Colleague: 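One structure coming up, written as structure tokens, with questions to follow.
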Number of protein chains: 2
Amino acid sequence: MTGLSGEVDAVLDGFQRAIRVEPNFDACPVRGVLDRIGDKWSTLMVLTLALRPHRFGELKRAIPDISQRMLTQTLRDLQRDGYVARRVFPTTPPAVEYSLTDLGRSLMTPLSGLVDWAVRTRGAVEAARVAFDRENV
Amino acid sequence: MTGLSGEVDAVLDGFQRAIRVEPNFDACPVRGVLDRIGDKWSTLMVLTLALRPHRFGELKRAIPDISQRMLTQTLRDLQRDGYVARRVFPTTPPAVEYSLTDLGRSLMTPLSGLVDWAVRTRGAVEAARVAFDRENV
DNA sequence: AGCTCTAGTCTCGAATTGAGACTGCGTCCA
DNA sequence: TGGACGCAGTCTCAATTCGAGACTAGAGCT
């Protein structure tokens, strides 16, 4: 047995069944969802928008090392998947407000579990990295 | 108020504090951990290794659309971070077994929460995509 | 001698990303 | 009246990353 809780086993079973059932592995819809979440900028952006709605420029300042190009593109992708809502105020200069939808907010529960895990394990990960780099010159 | 549970709020607070404290945003250790998890292949590989240990070739067959190059590289990265253990049997032809470490297994709880969420929401995401594509010609 | 098997590495063209210049258009200040 | 500014992008080009597939070592099998 795996030593994991029953809940985890159930999810694993579901995962295994999902990829078995899906003849085209690449088209697995769970992968489609996970790939978006797994994107370098997506989680960061969802986490930032969870604090409060942001305008385009605010997001750029909140995540200083993202390029405008990727900011635009990631926002579009999140919007397309229904996680983020885009509201345009036809003023000059233009104002655009991005906010999480209910679907986007529903991601916060599993995502915060992951962030929490990351915070708890980062020490172990850092130690593992140092050990690995020491052994592999 | 955000409408989220207190637990999520607490994690968000932690996240916000973490990025505030970190002067070099790019070096935030949580991001380092999340970036690895967020990798296109990492989650898939962890999920596969959670089923049972796999040899290199088995992994390649289990995840048919990964290139050898990325398979090697992702496994190295996961090993470096201490999620995966690599065991070499000095036979010919060589045999190498990859398995999850305790640290790697500890990821299964939050990760399965995410997979579960992906399974539950994929219908809504698919609908959002169709609606978006219809509106944007 | 030649073929097979495994776990990689190497090379090269293709796709993705980053840095930053540029746009449109009203407002503010002179 | 005209010049600079702010905002939310788009466009271009260079750098980085990725995928596909050829190639390697060394023992066993025929």
Side-chain angles (χ1 to χ4, degrees), chain A residues 24-27 31-32 34-45 48-49 52-81 84-99 132 135-137, chain B residues 24-28 31-32 34-45 48-49 52-80 84-99 132 135-137:
Chain A
N24 182 359
F25 197 74
D26 194 36
R31 278 186 70 181
L34 244 37
D35 278 357
R36 176 118 341 281
I37 299 313
D39 183 76
K40 179 178 180 184
W41 302 113
S42 294
T43 46
L44 214 46
M45 219 166 287
T48 304
L49 290 178
R52 58 180 171 78
H54 281 67
R55 294 179 51 180
F56 188 87
E58 284 182 311
L59 277 172
K60 211 171 61 150
R61 282 187 293 279
I63 309 174
D65 56 344
I66 193 173
S67 62
Q68 292 199 355
R69 195 183 167 284
M70 288 318 291
L71 181 54
T72 304
Q73 187 174 311
T74 305
L75 284 170
R76 284 270 182 288
D77 289 342
L78 290 173
Q79 187 193 354
R80 186 170 106 100
D81 283 5
V84 161
R86 179 173 180 271
R87 232 179 112 197
V88 181
F89 300 89
T91 58
T92 46
V96 179
E97 189 194 71
Y98 292 93
S99 58
F132 183 91
E135 285 167 23
N136 297 75
V137 186
Chain B
N24 183 359
F25 197 74
D26 194 36
C28 166
R31 278 186 70 180
L34 245 36
D35 278 356
R36 177 117 343 279
I37 298 314
D39 183 75
K40 179 177 180 183
W41 302 113
S42 294
T43 46
L44 214 47
M45 218 166 288
T48 304
L49 289 177
R52 59 181 170 75
H54 281 66
R55 292 178 52 181
F56 188 87
E58 285 183 309
L59 277 172
K60 212 171 59 151
R61 282 186 294 278
I63 309 174
D65 56 342
I66 192 174
S67 63
Q68 291 200 355
R69 195 182 166 282
M70 289 317 290
L71 181 54
T72 304
Q73 186 174 312
T74 305
L75 283 170
R76 283 269 183 289
D77 289 343
L78 290 173
Q79 186 192 355
R80 185 169 105 99
V84 161
R86 179 175 180 271
R87 232 178 112 198
V88 181
F89 300 89
T91 57
T92 46
V96 179
E97 190 195 71
Y98 292 94
S99 57
F132 183 90
E135 284 168 25
N136 298 74
V137 187

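Everything numeric in this text was worked out from a predicted model, so none of it was measured. So you know, we letter chains A, B, ... as the sequences are listed, proteins then strands, and number each from 1.
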Colleague: State whether Arg86(B) places a side-chain N or O below 4.0 Å from either non-bridging phosphate oxygen (OP1 or OP2) of dG8(C).
Modeller: yes

Colleague: Quick one: Glu97(B) CD to dT6(C) P, roughly how many Å, whole number?
Modeller: 16 Å

Colleague: Categorize Phe89(B) for me: base, sugar-phosphate, or nothing, with a 4.0 angstrom heavy-atom threshold over every strand shown.
Modeller: nothing

Colleague: Taking the nucleotide of DNA chain D with the nearest heavy atom to each, does Thr92(A) or Leu75(A) sit closer to the 5' end?
Modeller: Thr92(A)

Colleague: What is the distance, to the nearest angstrom, from the OH atom on Tyr98(B) to the C1' atom on dT6(C)?
Modeller: 11 Å

Colleague: DNA chain C: Asp39(A) or Pro93(A), which has the more 5' nearest nucleotide?
Modeller: Asp39(A)

Colleague: Identify the 5'-most and 3'-most nucleotides of DNA chain D with at least one atom closer than 4.0 Å to a non-hydrogen atom of chain B.
Modeller: dC18(D) to dA27(D)

Colleague: In whole angstrom, give the distance that lies between atom CE of Met70(B) and atom P of dA15(C).
Modeller: 17 Å

Colleague: Quick check for you: to the nearest 0.5 Å, what is the distance between Lys60(B) atom NZ and Leu71(B) atom CG?
Modeller: 8.0 Å

Colleague: Check whether any side-chain nitrogen or oxygen of Gln68(A) sits under 4.0 Å from OP1 or OP2 of dG18(C), and answer yes or no.
Modeller: no

Colleague: Report the distance from atom CG of Leu78(B) to atom CD1 of Ile37(B), rounding to the nearest 0.5 Å.
Modeller: 7.0 Å

Colleague: Give, for atom CE of Met45(A) and atom CG of Asp39(A), the distance between the pair rounded to the nearest 0.5 Å.
Modeller: 8.0 Å

Colleague: Tell me: CG of Leu59(B) to C1' of dG8(C), nearest whole Å?
Modeller: 13 Å

Colleague: Could you state the atom-to-atom distance from CZ of Phe56(A) to C1' of dT23(C) in whole Å?
Modeller: 14 Å

Colleague: Distance check needed: dT16(C) C1' versus Arg69(B) CZ, whole Å only.
Modeller: 13 Å

Colleague: At what distance, to the nearest 0.5 angstrom, does OG1 of Thr74(A) lie from CZ of Arg69(A)?
Modeller: 9.5 Å

Colleague: Calculate, to the nearest 0.5 Å, the distance between atoms CZ and CG belonging to Arg80(A) and Asn136(B) respectively.
Modeller: 10.0 Å

Colleague: Calculate, to the nearest 0.5 Å, the distance between atoms OG1 and CZ belonging to Thr72(A) and Phe56(A) respectively.
Modeller: 3.5 Å

Colleague: Can you list, pair by pair, the side-chain donor-acceptor contacts under 3.5 Å of residues 88-99 of chain A, counting residues two or more places apart and other chains?
Modeller:
residue, atom, partner, partner atom, Å
Thr91(A), OG1, Phe89(A), O, 3.4
Thr91(A), OG1, Pro93(A), O, 3.0
Tyr98(A), OH, Arg86(A), NE, 3.2

Colleague: Between Asp35(A) (CG) and dA15(C) (P), how many Å, whole number?
Modeller: 18 Å

Colleague: Roughly how many Å is it from CD in Gln73(A) to C1' in dG18(C), rounded to a whole number?
Modeller: 12 Å

